[in-house]
Amino acid sequence: MSQHPEGARAQLLAAAQTGDWNPGVLPQLPEGVEARRSAVLILFGVLDSIPAPTPDAAVAKDLDVLLQRRAPTLSSHPGQVSFPGGGREPADRDDVDTALREAEEETGLDPTGVEILAALPALPLAVSNHHVTPVLGWWTKPSKVAAVDHAETVEVFRAPVAQLLDPATRYTSTITRGGVTYKGPAFDVDGTIVWGFTAMVLDRLFDECGWTIPWDRTDERPVTV
């Protein structure tokens, strides 16, 4: 498998065209309830100077993905790690427009440096009643990013993909709501926990790209909200 980031870009494109994008473990939205349409930007690029620690990953060590940590005071998904994104506004032309606008508002990135690879099928996010379209992007000209509004976003960071793929960072998260226990993939990135919708999408994306390194799915740990 190619170790060059351009190889990763090609694999992302191929996966977008042929992959199965239903994670299968996402709770469905209630019947008869109109969900809000939203979009998130899954932006891959090349790290400036941060080395990824895993030498045998299936992708280049300098490949990264843009993530952010939401403010703990938010009513929806407080404190969780997420992709940049949000609800569609009337002025947005499409889901790509929504994802880029929200990413610029939240992280300050320059959208002119982003190549859109694909808009993936919308996924249900039942806990906040959204239909979320993941928009897959490639950072052709990386720009500086940081949390723009600290009332919404505490931190913006570029996570090395090789570190996310490292089996040592991976486990199965569990959370019980209404007497039902939900399980899903999770990542522990130097103490920053990525779980829920974001982890499920990353897990599916890594599988479809052929990047996943076998990890211990029997390692179950509860998450706190």
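From a predicted model like this one, the values you see are computed outputs, not experimental measurements.
- No donor-acceptor distance shorter than 3.5 angstrom exists from the side chain of Asp92 to the backbone of Asp94, with no hydrogens or angles considered.
- To the nearest 0.5 Å, the span separating SG on Cys209 from CG on Leu12 amounts to 4.0 Å.
- Distance check, rounded to the nearest 0.5 Å: NE2 of His131 to CG of Asp95 gives 11.5 Å.
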Could you go through Arg9 and Glu115, starting from their C-alpha distance and side-chain angles, then the distance that decides it, and tell me whether this counts as side-chain contact (heavy atoms from CB on, under 4.5 Å)? CA-CA 11 Å; Arg9 176 185 172 279; Glu115 175 193 3; 2.6 Å; yes
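- Considering only heavy atoms from C-beta on, Phe206 comes within 4.5 Å of Leu165 through its side chain.
- In this structure, Thr169 contributes its side chain and Asp188 its backbone to no donor-acceptor pair below 3.5 Å.
- If you chain together hydrophobic residues whose side chains sit under 4.5 Å apart, Phe44 and Leu100 never meet in one group.
- Among all heavy-atom pairs drawn from Pro167 and Pro214, the shortest one is CG-O, 3.4 Å.
- Nearest heavy atoms, Thr98 versus Gly86: CG2-O, 3.5 Å.
- Pro84 approaches Thr107 most closely through the heavy-atom pair CG-CG2, 4.0 Å.
- A continuous path of hydrophobic side-chain contacts links Leu120 to Leu13 [ILVMFWY only; heavy atoms under 4.5 Å].
- In this structure a side-chain-to-backbone donor-acceptor pair under 3.5 Å is missing from Thr153 to Glu155.
- The closest side-chain heavy-atom distance from Val114 to Leu43 is below 4.5 Å.
- Listed here is the closest heavy atom pair of Phe187 and Asp203: CZ-N, 4.5 Å.
- The shortest side-chain heavy-atom distance between Leu136 and Leu205 falls under the 4.5 Å cut-off.
- Arg217 and Asp219 are not joined by a salt bridge, as no carboxylate oxygen comes within less than 4.0 angstrom of a charged side-chain nitrogen.
- Residues Val201 and Phe157 fall within the same hydrophobic cluster, defined by Ile, Leu, Val, Met, Phe, Trp and Tyr side chains chained together at heavy-atom separations under 4.5 Å.
- Looking only at atom types and distance, the side chain of Thr212 has a donor-acceptor partner in the side chain of Asp207 under 3.5 Å away.
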Contacts under 3.5 angstrom, residues 139-147 side chains, donor-acceptor by atom type, not counting sequence neighbours:
| from | atom 1 | to | atom 2 | distance (Å) |
| --- | --- | --- | --- | --- |
| Thr140 | OG1 | Gly113 | O | 2.8 |
| Ser143 | OG | Asp110 | N | 2.9 |

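- In plain terms, the two heavy atoms of Val148 and Glu105 that are nearest each other are CB-O, 3.2 Å.
- For the residue pair Thr174 / Thr181, no side-chain donor-acceptor distance below 3.5 Å is found, with atom types taken as modelled.
- Here the side chains of Leu109 and Leu41 are in contact, with some heavy-atom distance below 4.5 Å.
- Rounded to the nearest 0.5 angstrom, Phe197 CZ and Ser82 OG are separated by 10.0 Å.
- In this structure, the separation between CZ on Arg36 and CZ on Arg88 is 11.0 Å, given to the nearest 0.5 Å.
- One distance of note links CG of Leu164 with CG of Leu67; it measures 7.0 Å at 0.5 Å rounding.
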Starting from the C-alpha separation in whole Å, work towards a yes-or-no answer on side-chain contact (heavy atoms from CB on, under 4.5 Å) for Ile175 and Trp195. CA-CA 10 Å; Ile175 186 169; Trp195 67 284; 3.8 Å; yes
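- Looking at every heavy atom in both residues, Ser38 comes nearest to Gly87 through CB-CA, 3.7 Å.
- Salt bridge annotation for Arg170-Glu220: absent, with no cationic side-chain nitrogen under 4.0 angstrom from a carboxylate oxygen.
- Going from atom CZ of Arg69 over to atom OG1 of Thr198 covers 13.5 Å, rounded to the nearest 0.5 Å.
- When atom types are taken as modelled, the side chain of Arg158 and the backbone of Val46 share a donor-acceptor pair closer than 3.5 angstrom.
- Each of Trp138 and Val135 belongs to its own hydrophobic cluster when Ile, Leu, Val, Met, Phe, Trp and Tyr are linked at side-chain heavy-atom distances under 4.5 angstrom.
- In this structure, Leu66 is not a member of the same hydrophobic cluster as Trp211, with clusters built from ILVMFWY side-chain heavy atoms closer than 4.5 Å.
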